[in-house]
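Since the structure comes first, as structure tokens, the remarks are kept for the end.
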Amino acid sequence: MDKGTFIEQLKEIVRPYAKNQAALAQINASTDFINDLKINSANLVDVVLDVEEKYDIVIQNEEMERMLNVQAAMDIVEAKLNEK
């Protein structure tokens with residue numbers, strides 16, 4: 001999957017949960033969900049569930065714990081899609 005496309009799709013997924021809309025507008029691979037976008041840990045679970053639904057994948061708990069920024073999310077989703 002194209003990196004730019006993934007970031008745009010992820011941006012739409014996290015939009016309802018992001019408290020920092022200015023950071024969301026500048027989202028990139030190094031954007032941290034908690035520190036930059038101000039998404040709380042409970043909503044981060046919602047983000048993971050939305051990502052699972054969007055890409056029709058299952059993210060394990062240990063992967064979920066690593067999914068703290070855009071790059072990690074991209075790596076995990078890409079690995080899961082390649083397993084299909």
Side-chain angles (χ1 to χ4, degrees):
M1 175 185 316
D2 172 76
K3 182 177 178 177
T5 302
F6 179 80
I7 289 175
E8 281 305 310
Q9 291 173 349
L10 189 63
K11 183 177 181 178
E12 291 310 308
I13 291 170
V14 301
R15 182 180 307 281
Y17 309 107
K19 302 287 186 266
N20 185 340
Q21 294 298 314
L24 181 63
Q26 304 296 318
I27 194 170
N28 61 54
S30 64
T31 300
D32 185 282
F33 295 128
I34 295 171
N35 296 323
D36 297 330
L37 299 180
K38 307 299 182 206
I39 298 174
N40 67 38
S41 55
N43 284 343
L44 200 51
V45 173
D46 293 327
V47 168
V48 171
L49 294 173
D50 291 350
V51 166
E52 286 180 323
E53 186 177 327
K54 166 85 177 160
Y55 297 103
D56 191 29
I57 58 175
V58 176
I59 297 172
Q60 303 302 324
N61 286 342
E62 55 275 3
E63 294 164 325
M64 194 182 300
E65 291 169 8
R66 292 193 342 257
M67 207 165 125
L68 300 175
N69 62 41
V70 172
Q71 184 65 53
M74 198 170 356
D75 293 344
I76 291 166
V77 169
E78 194 168 27
K80 290 293 183 181
L81 291 174
N82 287 337
E83 289 174 10
K84 286 183 141 191

Could you report the tightest heavy-atom contact between [X] and [Y], atom names first, then the distance?
X	Y	value
Asn69	Ala72	OD1-N, 2.7 Å
Lys38	Lys19	O-CG, 3.0 Å
Leu24	Ala18	CD2-CB, 4.3 Å
Val14	Phe33	CG1-CE2, 4.0 Å

Glu65 and Asn61: side chain donor to acceptor below 3.5 Å: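 No donor-acceptor contact under 3.5 Å links the two side chains.
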Under 4.5 Å side-chain linkage, directly or through intermediates, the cluster mates of Leu49: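 Once heavy-atom contacts under 4.5 Å are chained together, Leu49 belongs with Val45.
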Side-chain donor/acceptor of Asn20 to backbone N/O of Asp36, under 3.5 Å: yes
Side-chain donor or acceptor of Lys84 paired with backbone N/O of Asp56 under 3.5 Å: yes
Minimum side-chain heavy-atom gap Val70-Asn28 below 4.5 Å: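 Answer no - side chains too far apart.
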Sole candidate of Ile59, Val77, Leu44 that passes side-chain contact (heavy atoms from CB on, under 4.5 Å) when paired with Met67: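 Answer after filtering Ile59, Val77, Leu44: Ile59.
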Asn82 vs Glu78, side-chain hydrogen bond (donor to acceptor under 3.5 Å, both in side chains): CA-CA, chis, key distance, verdict: CA-CA 6 Å; Asn82 287 337; Glu78 194 168 27; 5.1 Å; no
Residue pair Leu81, Ile57: steps toward the side-chain contact (heavy atoms from CB on, under 4.5 Å) verdict: CA-CA 7 Å; Leu81 291 174; Ile57 58 175; 3.9 Å; yes
Once you round to the nearest 0.5 Å, how far does [atom1] of [X] lie from [atom2] of [Y]?
X	Y	atom1	atom2	answer
Ile39	Arg15	CD1	CZ	11.5 Å
Asp50	Leu10	CG	CG	10.0 Å
Glu63	Arg66	CD	CZ	6.0 Å

Salt bridge present between Glu12 and Lys54 (N-O < 4.0 angstrom):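 Salt bridge: no.
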Stepwise side-chain contact (heavy atoms from CB on, under 4.5 Å) test for Tyr55 and Ile76: CA-CA 11 Å; Tyr55 297 103; Ile76 291 166; over 6 Å; no
Test log, rule side-chain contact (heavy atoms from CB on, under 4.5 Å), inputs Val51 and Lys80: CA-CA 11 Å; Val51 166; Lys80 290 293 183 181; over 6 Å; no
